[in-house]
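Side chains are part of it too, since the values below use all heavy atoms of this structure and drop only hydrogens, waters and symmetry mates.
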Amino acid sequence: MSDRRLPVRWETERLILRSYNQDDAPWYYQMSLQNREHLRRYESGNVIMSLSSEQHTRETLAELTRYWEQGICYFVGAFDATTREFVAQVYVGPFSAKPIDFIIGYVAEHSHEGYGYVSEAVASTVEKIFSHLGADQVRIHCNETNVRSRKVAERCGFQLLKVFPEERPGPDGRLSPCNTAVYTRLPDA
């Protein structure tokens, strides 16, 4: 854990990126219900998939807020700057302390997929990871068959490091073999 933190809010040309709070629970829970089928294949372990009620969502968001405040990890909500609609989420977590290495993950809200919001949110978040968290490297791990996720990594300046076999929970919750593509990016990329 470090004294450095991501800012709780920042903007890009089209997006407002910010931490969540408990007041987000009603729409966040509804969004989770509407996106489960969309996320089931590649994101079965995502926090969005685990929410069971609005109250559970409120408790989860309170926990995510504590994580942010303590610098443990960050769940960044991306919102259209004009409409204020939720469009994506970016996760930032520590991967190693030496070198200072962070891992990010991301999901698009299904009705906002294909508009470049995820790429814009990831690019901006990666800049903040380098400038505010002092990262030496940022990495992305994604399923080798997740073409959309891989394209985001490539558009945001990440380089494919390797592809390796592992097991991940599938849509049915059982572990199944898959190949994971590992991308990395250095500060000057």
Side-chain angles (χ1 to χ4, degrees), residues 5-54 56-65 67-69 73-93 102-133 138-143 145-158 171 181 183 185:
R5 304 280 184 275
L6 287 182
V8 295
R9 185 183 190 284
W10 70 91
E11 295 185 22
T12 66
E13 183 178 330
R14 298 184 303 157
L15 299 175
I16 297 168
L17 296 109
R18 66 171 176 84
S19 65
Y20 298 116
N21 60 61
Q22 291 182 51
D23 293 339
D24 293 321
W27 71 261
Y28 196 85
Y29 178 60
Q30 289 305 310
M31 176 277 302
S32 79
L33 297 175
Q34 295 165 0
N35 280 274
R36 289 191 183 177
E37 191 57 38
H38 166 67
L39 298 175
R40 189 169 315 282
R41 180 171 180 195
Y42 295 120
E43 291 289 333
S44 61
N46 192 297
V47 69
I48 293 170
M49 301 293 283
S50 69
L51 303 173
S52 59
S53 67
E54 195 172 305
H56 180 232
T57 303
R58 185 170 275 102
E59 293 163 3
T60 300
L61 293 177
E63 185 174 28
L64 298 183
T65 299
Y67 291 162
W68 190 300
E69 291 168 350
C73 66
Y74 305 89
F75 286 80
V76 182
F79 301 84
D80 182 294
T82 303
T83 67
R84 302 297 199 254
E85 290 178 302
F86 173 79
V87 297
Q89 177 173 282
V90 179
Y91 165 79
V92 177
F102 285 87
I103 188 166
I104 64 169
Y106 37 87
V107 295
E109 195 282 330
H110 74 93
S111 65
H112 294 93
E113 206 172 39
Y115 294 97
Y117 292 124
V118 172
S119 294
E120 187 173 331
V122 167
S124 179
T125 301
V126 167
E127 288 177 20
K128 297 295 182 200
I129 293 169
F130 287 125
S131 66
H132 286 73
L133 300 179
V138 178
R139 63 179 54 229
I140 293 170
H141 293 192
C142 63
N143 188 301
T145 65
N146 190 341
V147 175
R148 291 189 102 133
S149 186
R150 295 184 74 176
K151 295 263 187 219
V152 168
E154 292 162 5
R155 277 193 295 272
C156 292
F158 285 77
Y183 287 86
R185 181 168 160 200

Check the pair Phe102, Val126 against side chain to side chain contact (heavy atoms under 4.5 Å, CB included), reporting the backbone distance first and the verdict last. CA-CA 9 Å; Phe102 285 87; Val126 167; over 6 Å; no

One pair to check against side chain to side chain contact (heavy atoms under 4.5 Å, CB included): Ile16 and Arg84. What are the steps and the verdict? CA-CA 8 Å; Ile16 297 168; Arg84 302 297 199 254; 3.4 Å; yes

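In this structure, Cys73 and Gly93 approach most closely via the heavy-atom pair CB-CA, 4.2 Å. Here the closest non-hydrogen pair linking Ala78 and Leu15 is CB-CD1, 4.4 Å. Here the shortest heavy-atom pairing between Pro7 and Lys128 reads CG-CD, 4.2 Å. Glu13 approaches Glu120 most closely through the heavy-atom pair N-OE2, 3.6 Å.
Side chain of Asp24 to backbone of Asn21: a donor-acceptor contact under 3.5 angstrom is found. Here the side chain of Thr65 pairs a donor or acceptor atom with the backbone of Leu61 at under 3.5 angstrom.
For the atom pair OG of Ser149 and OH of Tyr106, the computed distance is 3.0 Å after rounding to the nearest 0.5 Å. Arg185 contributes atom CZ, which lies 9.5 Å from atom CD1 of Ile129 (distance to the nearest 0.5 angstrom). To the nearest 0.5 Å, atoms CD (Glu127) and SG (Cys156) are separated by 9.5 Å. In this structure, Glu11 CD and Ser124 OG are separated by 10.0 Å, a value rounded to the nearest 0.5 Å. In this structure, Phe75 CZ and Glu63 CD are separated by 9.0 Å, a value rounded to the nearest 0.5 Å.
In this structure, a donor-acceptor pair under 3.5 Å is absent between the side chains of Tyr29 and Arg58. Under the 3.5 Å distance criterion, with hydrogens and angles disregarded, no donor-acceptor pair is assigned to the side chains of Glu59 and Thr57. Using modelled atom types, one finds no donor on one side chain facing an acceptor on the other under 3.5 Å when comparing Tyr28 with Gln22. Counted by atom type alone, His112 and Glu109 present one or more donor-acceptor pairs between their side chains at under 3.5 Å. Side chains of Tyr20 and Gln89: a donor-acceptor N/O pair is present below 3.5 angstrom, by distance only.
Contact check for Arg5 versus His132: no side-chain heavy atoms found under the 4.5 Å cut-off. When side chains are defined from C-beta on, Ser19 does not count as touching Arg9, because their heavy atoms never get closer than 4.5 Å. Counting heavy atoms from C-beta on, the side chains of Ile104 and Tyr183 never come closer than 4.5 Å. Considering only heavy atoms from C-beta on, Tyr115 stays 4.5 Å or farther from Val87 through its side chain. A 4.5 Å side-chain heavy-atom check between Ile140 and Ile103 finds every atom pair outside the cut-off.
Using a 30° and 60° split on the angle between ring planes, Phe86 and Trp27 fall in the tilted class, from 30° to 60°.
The side chain to side chain donor-acceptor pair (under 3.5 Å) with Ser119 is formed by just one residue from the set Glu154, Arg155, Lys151; it is Arg155.
Not less than 6.0 angstrom separates the ring centroid of Trp68 from the ring centroid of Tyr91. Under the 6.0 Å cut-off for aromatic ring centres, Tyr74 and Tyr67 do not qualify, their centroids lying 6.0 Å or more apart.
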